[in-house]
Every structure is written in structure tokens, then in C-alpha cells.
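Take a look at the structure below.
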2 protein chains.
Amino acid sequence: MPASALIAFEARKTPIQARSAVTVEAISEATIQVLLTHGAERFTTTRVAARAGVSVGTLHQYYPNKQALLFAVLENHMNHVAETVEAACENARIKPLAEMIREMVEAFVDAKMERADISGALYRVSANIGGPALIKRISERLRKAVEAMLQTAPDAKLPPDKFAIDTMLAAMAGAMRSLLEAGPSPGAVRKLREQLVLLCQSYMMAATSVR
Amino acid sequence: MPASALIAFEARKTPIQARSAVTVEAISEATIQVLLTHGAERFTTTRVAARAGVSVGTLHQYYPNKQALLFAVLENHMNHVAETVEAACENARIKPLAEMIREMVEAFVDAKMERADISGALYRVSANIGGPALIKRISERLRKAVEAMLQTAPDAKLPPDKFAIDTMLAAMAGAMRSLLEAGPSPGAVRKLREQLVLLCQSYMMAATSVR
DNA sequence: TCATTGGATGAAGGATTCTTCAGGTTTGGA
DNA sequence: TCCAAACCTGAAGAATCCTTCATCCAATGA
């Protein structure tokens with residue numbers, strides 16, 4: 001991968017006709033498939049194009065380079081997760097603290113598991129395509145959502161600390177990642193869901209009542 | 001990176017004379033430096049050799065390929081962290097639960113921060129060189145250490161759940177990673193240390209007394 | 001001293017990969 | 001029907017990389 005990092009991430013061209021929209025979608029899906037079947041090392045634009053049934057040239061018409069291609073898929077995935085969690089936070093306002101946390105955590109776990117394959121595959125490239133910066137942005141979004149939700153809790157004694165929420169989110173994401181990278185079994189997922197709820201609940205309880 | 005994954009990870013040759021030991025150490029340190037200054041993409045064996053002041057041939061005499069080189073550094077780093085945490089667990093036996101957790105967590109954070117640069121750099125390649133498998137091994141080690149420690153706690157009502165310990169460790173590592181990838185400031189580290197202690201304490205308290 | 005083993009060198013073989021661009025094909029409105 | 005715009009193609013240019021191997025230098029101990 002000789003490309004110099006972080007240059008030209010924007011999509012090059014926007015689909016206008018219907019067929020090109022199909023092409024772009026095919027490329028996007030092929031990206032995931034190639035990542036899944038060939039691994040991050042042997043992920044090449046040529047392979048993606050072949051899998052998508054288009055030529056390399058076409059691919060490069062929409063994505064200026066390999067990184068942009070991967071970044072687009074990563075961004076898409078993370079946005080989906082973020083939206084799901086945000087919606088859960090909206091929906092859990094005014095409920096008891098423990099219930100809030102439960103709904104938020106379960107929404108997160110479920111959103112991730114919805115496309116566990118993509119999640120797992122993306123971990124392997126995230127760090128090389130500006131993932132951490134993106135994660136930072138998304139985390140901030142989620143922190144705000146969680147913060148707003150917590151402020152409506154009837155049974156929280158203190159306003160929640162921003163840093164504590166960040167920590168909780170990072171911990172949650174970390175545990176999830178650990179599971180996905182290990183290859184999750186249905187049983188393990190169920191258990192993690194439970195444990196993560198308990199973890200976040202007990203931490204938030206402690207963080208909103210102490211200090 | 002055309003190399004097929006996971007082949008020949010073992011070191012090729014063991015240093016016998018003193019000068020070769022120096023060489024190997026230089027290569028190891030150069031690996032980190034190149035990772036840090038050039039990024040994971042532009043990490044090449046040639047560059048490492050140049051930085052270490054040896055020829056490519058020499059490098060390949062000790063490490064069969066690029067992955068082995070990176071893996072060795074990763075393994076070394078993780079072993080160091082694991083040993084530190086294990087020692088802390090040894091040392092914290094029979095103390096109150098909260099104190100145990102505090103010492104374990106602080107040992108972990110400190111060990112990671114000790115060489116924050118390496119930690120940060122390694123995140124960027126871990127996934128591509130068999131990191132997850134290694135993490136699995138190390139996690140198991142740590143879980144056993146923590147488990148043994150917790151069983152000596154005078155104030156824990158129930159024997160701790162294995163899965164809960166795994167979850168705690170994964171959460172802890174995840175939060176740490178998040179911080180290191182964001183570029184940690186001294187203040188942020190201090191805060192994370194506190195919060196992580198609180199998080200683990202409250203979770204373990206809940207997990208050892210409920211169910 | 002000198003033969004033997006350890007250690008180091010770096011040009012070159014063998015492979016890939018990314019990305020471009022000149023030119024052909026399809027679409028959709030006038 | 002016709003044409004301009006939108007799309008698509010894929011061979012080829014331009015870089016890099018990884019790894020080997022024949023060869024030379026250094027150390028060691030008999």
C-alpha cells in the first residue's frame with residue numbers, strides 16, 4: 001500500500017443515472033466481500049472491481065483511491081450504528097437510569113451484530129484509513145446523545161460527567177470489538193449484552209451519584 | 001503487502017555473538033520508530049533496515065518477513081504489560097475488593113503509558129499480523145490472574161464469573177485504546193485512570209454480589 | 001596462527017498494486 | 001431520430017515492495 005495517507009477522500013463523482021447508482025452499490029458491497037474473503041492485506045482495487053463486475057476504471061471514477069473506498073464503507077457503517085443508538089437515546093428519555101442504559105447498550109450491541117461481518121472486517125483496516133479520527137467524531141455525537149438522555153433521568157442525583165460518558169462509550173465499544181474479533185457465537189453475544197448492560201449501569205450509577 | 005498471512009512467524013536465527021544481539025535490538029527499536037514516523041502503510045523492511053543502520057539482508061536473517069518483525073515487537077510489548085498486571089494481581093491478594101481492582105487497573109494503565117508511543121503505533125498493525133489471536137492468549141492469562149486475585153477478596157460475596165472478568169478486561173483495554181489513539185494528554189490519562197478504576201470497581205462489585 | 005562458524009552486505013529477481021486515460025458504449029431528452 | 005452527457009473499459013505506465021543469495025568481513029577457539 002504505497003499511497004500516502006489521507007489524501008482525497010471525497011467521492012469523485014455523484015451517480016446521476018440509475019445504472020451508475022447500481023454500480024456504486026455493487027462496488028460498496030464488493031468492498032465488504034473482498035475484505036471478508038481475502039483479508040485486509042490482499043484487499044486490492046482490482047479485486048474489488050472484479051467482484052463488483054465492473055472495471056477498475058469505473059471504480060476509480062467514484063472513489064479516487066483505495067482508502068477512499070474503504071473509508072466510505074467504514075463511515076457508512078458507523079453512521080448507521082450511531083443513528084441507531086441516537087434513536088434509542090431519544091426513545092429512552094425520562095425513564096429510570098437503569099432502563100435508559102439498558103436500552104442504549106442493547107441498541108448498540110444489536111446494531112453492531114446486525115452486520116457483524118462488516119464490523120469485524122472493518123476493524124482490520126480502520127486504523128489505516130483515518131478510522132480513529134472518524135471514531136472521535138462519532139463518539140462525540142454519541143456522547144451528546146447519551147448526555148441529553150441522562151439529564152432527563154428522574155433518579156440521577158448529579159449531572160453526569162462528560163469524561164465519564166466518554167469512558168463508558170469507549171469501554172462498551174472495546175468490549176464489543178473484542179468479541180467481534182474473536183468470532184462471536186450466539187451465546188457469547190447474549191452474555192455480552194447482559195454483562196455490558198450491567199457494566200454500564202453500575203458505572204453510570206456510581207458516576208452520577210459520587211463526587 | 002502481498003505476503004500470505006500467518007506463515008513463518010518464528011525468529012529465523014538466535015543471536016549468539018554480542019554484536020548480533022545489538023543488531024537485533026537496533027532492528028526492534030527501528031521497527032517502532034518507522035511505524036511511528038512513517039505510519040503503517042509505508043512501513044517497509046528496507047526502511048527499518050536503513051533506520052537500524054543495517055542492510056535488508058541482515059534484517060531478514062533474524063526475521064523471515066515483515067509480519068514476523070512486527071509480531072515480535074507486538075508480542076514483546078504485550079508480554080510486558082501482561083507481566084506487570086500479573087505482578088499487581090499477585091501483590092493485591094487478600095486486600096479489599098475495591099483496592100484490588102484499583103491496583104490492577106492502575107498497573108495496566110501505567111504499563112501501557114510507559115511506552116505510549118509503542119502502544120499507539122502497534123494498534124495500527126495489530127489486526128494485520130495475528131494480533132487478535134495474541135490478544136486472546138494474553139487475555140486468558142490476565143483473566144486467570146484476576147480470577148485468582150478476586151478469590152482471595154474478603155468482601156466478595158460470590159465467586160466472580162469468568163465471562164464478567166473477560167468483559168471487564170476488554171472494556172478496560174478498549175477505553176485505553178481509545179485514549180491512546182486519540183493522542184493522550186497528561187490530564188486525560190490521569191482522568192482515565194480514575195474513571196477506569198471506578199468503572200471496574202463498580203462493575204466487579206455488581207458482578208460479585210448479584211446473581 | 002588459522003580454520004570454522006557467525007554475521008553482514010546489497011544488487012537483483014520476482015511480484016504486486018494503484019491509478020490513469022484514450023476511446024468505445026449507453027442513456028435520455030430534444 | 002440524433003446527439004451530448006454519462007458511463008464504462010482495460011491495457012499500460014509508474015512505483016514500490018519483499019526476499020534471496022552469492023560473497024565478503026569478523027570473531028573464536030584449538
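Worth saying up front: this structure is predicted, and the values here are computed from it rather than measured. Just so we're on the same page: letters track the sequence lines, and every chain starts at 1.
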Go through the structure and list residues passing side-chain contact (heavy atoms from CB on, under 4.5 Å) with [X], not counting sequence neighbours.
X: B:A26; answer: B:A52
X: B:R51; answer: B:A30, B:Q33, B:V34, B:T37
X: A:T58; answer: A:T23, A:V54, A:S55, A:Y62

When the distance from [atom1] of [X] to [atom2] of [N] is rounded to whole Å, what number comes out?
X: B:K66; N: D:dC17; atom1: NZ; atom2: P; answer: 9 Å
X: A:L69; N: C:dT17; atom1: CG; atom2: P; answer: 15 Å
X: A:N65; N: C:dT20; atom1: CG; atom2: C1'; answer: 13 Å
X: B:I27; N: C:dA8; atom1: CD1; atom2: C1'; answer: 10 Å
X: B:Q67; N: D:dC17; atom1: CD; atom2: P; answer: 16 Å
X: A:H38; N: C:dT16; atom1: NE2; atom2: P; answer: 14 Å
X: A:R42; N: D:dC17; atom1: CZ; atom2: C1'; answer: 16 Å
X: A:E41; N: C:dC18; atom1: CD; atom2: P; answer: 12 Å

*Residues two or more places apart in sequence or in another chain: which of them pass side chain to side chain donor-acceptor pair (under 3.5 Å) with B:D161?*
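Checked B:D161 against side chain to side chain donor-acceptor pair (under 3.5 Å); zero matches.
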*Is A:T45 touching bases, backbone alone, or none of the nucleic acid, heavy atoms closer than 4.0 Å?*
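It contacts base atoms.
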*How would you list all residue pairs meeting salt bridge (Lys or Arg N to Asp or Glu O under 4.0 Å) that involve residues 181-193 of chain B, not counting sequence neighbours?*
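Checked against salt bridge (Lys or Arg N to Asp or Glu O under 4.0 Å) - neighbours excluded - the pairs reaching residues 181-193 of chain B are B:E106-B:R193, B:D110-B:R193, B:R177-B:E181.
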*Can you check whether A:K66 reaches A:V125 side chain to side chain, under 4.5 Å on heavy atoms?*
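Sidechains of A:V125 and A:K66: no contact.
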*Which nucleotides of nucleotides 6-15 of chain D have their base under 4.0 Å from a protein heavy atom (B), which only their sugar-phosphate (S), and which neither (-), written as one string 5' to 3'?*
BSBBBB----
